[in-house]
Amino acid sequence: MTELTAAKPATTPLRPFFSSGPCAKPPGYAPEKLATESLGRSHRAKIGKARLQYCIDLMREVLQLPDTHRIGIVPGSDTGAFEMAMWTMLGARGVTALAWESFGEGWVTDAVKQLKLEPTVVRADYGQLPDLDKVDWSDDVLFTWNGTTSGVRVPDGEWIPADRQGLSFADATSAVFAYDIPWDKIDVATFSWQKVLGGEGGHGVLILGPRAVERLESYTPAWPLPKVFRLVSKGKLAEGVFKGETINTPSMLAVEDAIFALEWAKGLGGLEGLKARCTANAHALDKIVAERAWLGHLAQDSGTRSKTSVCLTVEGADADFIKKFAALLEKEGAAFDVAGYRDAPPGLRIWCGATVNVEDIEALGPWLDWAYAETKTALAAA
């Protein structure tokens, strides 16, 4: 057991970027390394469409996404992508919404207050997961694969039946590129580049399986749809959206940034390389937690604990303690953006995604000891 000490460590993590979004850039990243030929050009010009299609092709390759599923780049980050799916497809049958953290609760709010649906809501406290075996799959089902604000994830896709009647809607923004996703079980998935890839925010990615396409082409919602949500034209899927013809004007700089990250991922060996880095980082943080009696995991079950957005409890800490704790680490350049999410129980949140280097996680332990001791001393003297 590591003794609590107030001695300031001699060295800091080389890359102290532990934010859970936007996340650390890929190692070796520099803006001047981005291709810029598409900048200042129309995204509908030949070069713009080619780069958007290349980005989509890279995502398919790295994710190992089957040809049955389409990929579209859409506005509004993961939130925009998931809301696009909700607004265009829900209402055809009953809805079950699963919520065990803030973003899942956001989808409940949208379904109830905005779309005026009456979903079955299945909740669990932060750090817990509801009983997935009791989900009624005659409904469309909304869930987060990896709860960024709670550090809890679904264990796998075994709980999703192959013969489901409803559609599966997976907010997978902290999960894709970090876990094996059984795409035959996923009808709709959304994410943003800013998580495991370390890309820039503002753009979302919408993945549609064949059952989702069938829903779009056979069902018209009762509510009006804004232009940025319209995926169907004359009763048919707007296929151009999934070939780089975005609904709105994208940032080609953000697209080039995502391409850089995806090419970096390919250089690691693709999905397997990304998963291995996430696993190594999570294990390194587990070791730090195990050696400190005052640190714990918010997600008690290791089988459903996130390997990307890891949420930690701090003994005796309230929101004010965590604020001071995180501010000390930032001031010293030891760790940036490690306070837990505002709606979560007071604690720390350490991003362990693929763009973080394991040696920086390992170097974090002594700094956590120092900041904990310093904060306790300061508050005791106040």
Side-chain angles (χ1 to χ4, degrees), residues 26 34-35 38 43-44 46-78 80-82 84-85 145-146 157 160 167-200 202-214 216 231 237-247 250-252 254-278 308 353-355:
L34 302 184
S38 66
H43 63 294
R44 301 193 186 282
K46 184 176 180 180
I47 185 172
K49 290 175 69 173
R51 295 303 280 176
L52 285 158
Q53 183 65 64
Y54 179 52
C55 186
I56 289 171
D57 291 344
L58 281 173
M59 287 189 282
R60 182 178 299 279
E61 180 181 354
V62 175
L63 285 175
Q64 301 175 10
L65 190 74
D67 291 339
T68 52
H69 287 58
R70 294 165 169 85
I71 304 176
I73 298 169
V74 300
S77 196
D78 175 65
F82 203 81
M84 177 182 286
W145 191 281
N146 186 106
I160 305 173
L167 300 180
S168 58
F169 290 72
D171 172 356
T173 197
S174 294
V176 290
F177 304 107
Y179 306 103
D180 288 312
I181 306 292
W183 293 108
D184 60 320
K185 299 291 187 73
I186 301 301
D187 300 306
V188 178
T190 65
F191 67 93
S192 64
W193 298 323
Q194 66 184 4
K195 299 294 187 182
V196 181
L197 288 177
E200 290 301 295
H203 294 67
V205 177
L206 176 66
I207 297 177
L208 300 179
R211 299 178 74 245
V213 174
E214 181 184 10
L216 284 165
L231 293 169
L237 186 72
E239 293 284 2
V241 173
F242 305 92
K243 298 177 181 178
E245 297 173 13
T246 55
I247 294 174
S251 163
M252 293 308 298
V255 171
E256 294 297 346
D257 189 271
I259 287 172
F260 179 95
L262 288 159
E263 290 179 337
W264 167 79
K266 278 189 65 176
L268 298 175
L271 183 61
E272 293 305 313
L274 294 172
K275 285 163 43 186
R277 285 178 64 91
C278 292
T308 54
T355 55

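Everything numeric in this text was worked out from a predicted model, so none of it was measured. Throughout, numbering of the chain's residues begins at 1 and tracks the sequence. Note: hydrogens, waters and symmetry copies are ignored here, and every other heavy atom, side chains too, is used.
- For the pair Leu206 and Leu231, the minimum side-chain heavy-atom distance is below 4.5 Å.
- By the 4.5 Å heavy-atom criterion applied to side chains, Val205 and Val176 are not counted as neighbours.
- A pairwise comparison of heavy atoms in Gly198 and Asp257 identifies O-OD1, 4.2 Å as the closest pair.
- Between Trp193 and His203, the ring planes lie parallel to each other; the angle is under 30°, not in the 30° to 60° tilted range.
- With values rounded to the nearest 0.5 angstrom, Glu61 atom CD is found 8.0 Å from Tyr54 atom OH.
- Nearest heavy atom pair, residue Arg51 against residue Ala35, reads NH2-CB, 3.8 Å.
- Between Thr68 and Trp183 there is no side-chain heavy-atom pair separated by less than 4.5 Å.
- Cys55 approaches Ile259 most closely through the heavy-atom pair CB-CG1, 3.9 Å.
- Under the 4.5 Å side-chain criterion, counting only non-hydrogen atoms from C-beta, Ser38 is in contact with Glu256.
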Practice problem: Give the C-alpha distance, both sets of side-chain angles, the deciding distance and a yes or no for side chain to side chain contact (heavy atoms under 4.5 Å, CB included) between Gln194 and Ser77. | Solution: CA-CA 8 Å; Gln194 66 184 4; Ser77 196; 3.7 Å; yes
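- Between Arg44 and Ile247, the shortest heavy-atom contact is NH2-O, 4.2 Å.
- Judged purely by atom type and a 3.5 angstrom limit, Thr308 has no side-chain atom pairing as donor or acceptor with the backbone of Gly353.
- Shortest non-hydrogen contact noted between Gly48 and Met252 is O-CE, 3.8 Å.
- You'll find the side chain of Leu65 stays beyond 4.5 Å of the side chain of Ile181, heavy atoms only.
- Rounded to the nearest 0.5 angstrom, Tyr179 OH and Cys278 SG are separated by 7.5 Å.
- Between Val188 and Leu208, some side-chain heavy-atom pair lies under the 4.5 Å cut-off.
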Practice problem: Would you please test Asp187 and Phe169 for side chain to side chain contact (heavy atoms under 4.5 Å, CB included) and show each step? | Solution: CA-CA 6 Å; Asp187 300 306; Phe169 290 72; over 6 Å; no
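- Side-chain contact between Trp264 and Thr355 is present, with heavy atoms from C-beta onward closer than 4.5 Å.
- Atom CD of Glu239 sits in a crowded spot, with more than 12 heavy atoms from other residues, nucleotides or ligands closer than 6.0 Å.
- Of all the heavy atoms in Gly244 and Gln53, the pair that sits closest is N-OE1, 4.4 Å.
- Residues Leu274 and Val62 form a side-chain contact, since some pair of their non-hydrogen atoms from C-beta on lies under 4.5 Å apart.
- A salt bridge links Glu272 with Lys275: the distance from a Lys NZ or Arg NE/NH1/NH2 to an Asp or Glu carboxylate oxygen falls below 4.0 Å.
- In this structure, Ser168 contributes its side chain and Lys185 its backbone to a donor-acceptor pair below 3.5 Å.
- Here the CG-OG1 distance, from Asp78 to Thr173, works out to 4.0 Å after rounding to the nearest 0.5 Å.
- Rounding to the nearest 0.5 angstrom, the gap separating the CD1 atom in Ile207 from the CZ atom in Phe242 is 10.5 Å.
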Quiz item: Going through the checks in order, is the side chain to side chain contact (heavy atoms under 4.5 Å, CB included) test met by Lys243 and Ile56?
Solution: CA-CA 8 Å; Lys243 298 177 181 178; Ile56 289 171; 6.0 Å; no
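- No more than 12 heavy atoms of other residues, nucleotides or ligands shown are found within 6.0 angstrom of NZ on Lys266.
- Between the side chain of Thr246 and the backbone N or O of Ile73 there is no donor-acceptor pair closer than 3.5 Å.
- No side-chain donor-acceptor contact under 3.5 Å links Thr190 to the backbone of Asp171.
- For the atom pair Ile71 CD1 and Arg60 CZ, the distance stands at 4.5 Å (nearest 0.5 Å).
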